Structure formats: structure tokens, C-alpha cells
Amino acid sequence: MSKLSYDEKIELYNNWKNGTSVINLTKMYNINKSSVIYLIKLIDKHGYDVLRKNKNKIYSIYDKERIINRVLLDGEPILTVSIDEGLIAKGMLNNWIKKYKEMGYNIVERKRGRPTMPKVITKKENETDKEKIKRLEEENLYLKAELEYSKKLRAVVQARKNQQQKKK
């Protein structure tokens, strides 16, 4: 499926309003029938404002969780929830739910931007024994904390996997 520009989406909707059939619209814009129907329903519900011109909308963790819970807990259909919430792509919610299940029923925000470098403790060339001992103690403390964190994280992930297996 090819992506449509903002103007093409408006033109597609106006053509549909003027009586062009969905089948003809799929041929004109070279997209599948379900995408045309979704776009029409989305614009009917929210108007042209739901179509973004340039910047992607960013959903908070709380919004994503609320939307996902409407499907998983309340049992509402995915497409209905997508249209109600004004999600621009019909597959967005499917992807969110898939990642939500993969991550052990946690919503993890995708990190944006350049990754940060880990903290490096530099050693000095002319350090005294006291400075060296202090530096090594700090490094030891940092590594112990890192190890404890990874152990706890592993335990939480394992507990969630066990819980998922019991549900099945």
C-alpha cells in the first residue's frame, strides 16, 4: 500500500462524498479496500483535523495503556477503538498490543534520539593510594548496584513469564 499525502486523503474523502464507489477509489489511489474504508470512517468521525500535515502525534504511556485496555479488558473491537481514538493508521493498535504482550504486559516507550554512553570512571596517572582505593570502591559499588538491578529485572521477567504460562 502506498502512503497518501494530506491532500490526497482529503481528495479521496471528497470523491467518496461525491458518489465515487470504494472499489473505484482503491483503483484510483492504489490502496486496499480496508484502508479506504478506515480512512472514510476516521474522517467521518473526527473531521479533517485527524489528518496530520507534518508532525506525528506522540501518545503517552497512559494513553496507550488506556487504549490497549479498551481492547484487552473491555473486549471492544480493535478497529472500533482505533477509529474512536483517532489513530491515523489502522495497524497502529495491533502493533501496540503485540509489543505490549511481548514485553510482558508492560508498555515500554521507544527511546528516541542518540543513545547515551555509559558512565566511565577514569583513572588518573598520578593518583595516590588513597585516591586509587576510593576510585576502586566507587567502581565496586557501581558494579554491585548494576548486578543487583539486573538480578531483580531477570526475576520480574521470569515471574511474568510464569504468570503468562499459568494463564494459558
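Only heavy atoms go into these numbers, but all of them, side chains included; no hydrogens, no water, no symmetry mates. These figures come from a predicted structure and were not determined experimentally.
Atom CD of residue Q163 and atom CZ of residue R160 lie 7.5 Å apart, to the nearest 0.5 angstrom. Atom CG of N18 and atom OH of Y13 lie 10.5 Å apart (nearest 0.5 Å). Residue L25 holds its CG atom at 12.0 Å from OG of S35, rounded to the nearest 0.5 Å. T80 contributes atom OG1, which lies 9.5 Å from atom NZ of K45 (distance to the nearest 0.5 angstrom). Here the CD1-NZ distance, from I31 to K9, works out to 9.0 Å after rounding to the nearest 0.5 Å. Atom NZ of residue K41 and atom CG of residue L79 lie 7.5 Å apart, to the nearest 0.5 angstrom.
No side-chain heavy atom of K17 sits under 4.5 Å from any side-chain heavy atom of L12. Side-chain contact between I37 and W16 is absent, with no heavy-atom pair separated by less than 4.5 Å. When side chains are defined from C-beta on, V157 counts as touching K161, because their heavy atoms get closer than 4.5 Å. Within the 4.5 Å cutoff, side-chain heavy atoms of Y59 are placed close to those of K57.
For the residue pair E8 and Y29, the shortest heavy atom distance occurs at O-CE2, 3.9 Å. Of all heavy-atom pairs between I10 and Y48, the closest is CG1-CD2, 3.8 Å. K33 approaches T26 most closely through the heavy-atom pair CA-CG2, 3.5 Å.
Between V50 and the options L87, L42, L39, a side-chain contact (heavy atoms from CB on, under 4.5 Å) holds for only L42.
Panel note: side chain H46, backbone I83; a donor-acceptor pair is recorded below 3.5 Å. T20 contributes a side-chain N or O that, together with a main-chain N or O of N15, makes up a donor-acceptor pair within less than 3.5 Å. Listed for the S82 side chain is a donor-acceptor partner under 3.5 Å among the backbone atoms of I78.
No hydrogens or angles considered: a donor-acceptor pair under 3.5 Å links the side chains of N32 and S34.
Note on E139 versus R135: salt bridge recorded, some NZ/NE/NH1/NH2 to OD/OE distance being below 4.0 Å. Salt-bridge annotation for E138 and K134: present, with a side-chain N of the basic residue lying under 4.0 Å from a carboxylate O of the acidic one.
Residue I133 is not grouped with residue Y142 when hydrophobic side chains (ILVMFWY) are merged at heavy-atom distances under 4.5 angstrom, including chains of intermediate members. Note: the hydrophobic cluster containing Y100 does not contain V156 (ILVMFWY, side chain heavy atoms under 4.5 Å, direct or indirect links).
For E146, there are no side chain to side chain donor-acceptor pair (under 3.5 Å) partners two or more places apart in sequence or in a different chain.
In this structure, N140 places its CG atom where more than 12 heavy-atom neighbours from other residues, nucleotides or ligands lie under 6.0 Å away.
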Atom pairs and distances, side-chain donor-acceptor, residues 65-74, under 3.5 Å, sequence neighbours left out:
| residue | atom | partner | partner atom | Å |
| --- | --- | --- | --- | --- |
| R66 | NH1 | E85 | OE2 | 2.9 |
| R66 | NH2 | E85 | OE1 | 3.3 |
| N69 | ND2 | E65 | O | 3.2 |
| R70 | NE | E76 | OE1 | 3.4 |
| R70 | NE | E76 | OE2 | 3.3 |
| R70 | NH1 | E85 | OE2 | 2.7 |
| R70 | NH2 | E76 | OE1 | 2.8 |
| R70 | NH2 | D84 | OD2 | 3.1 |

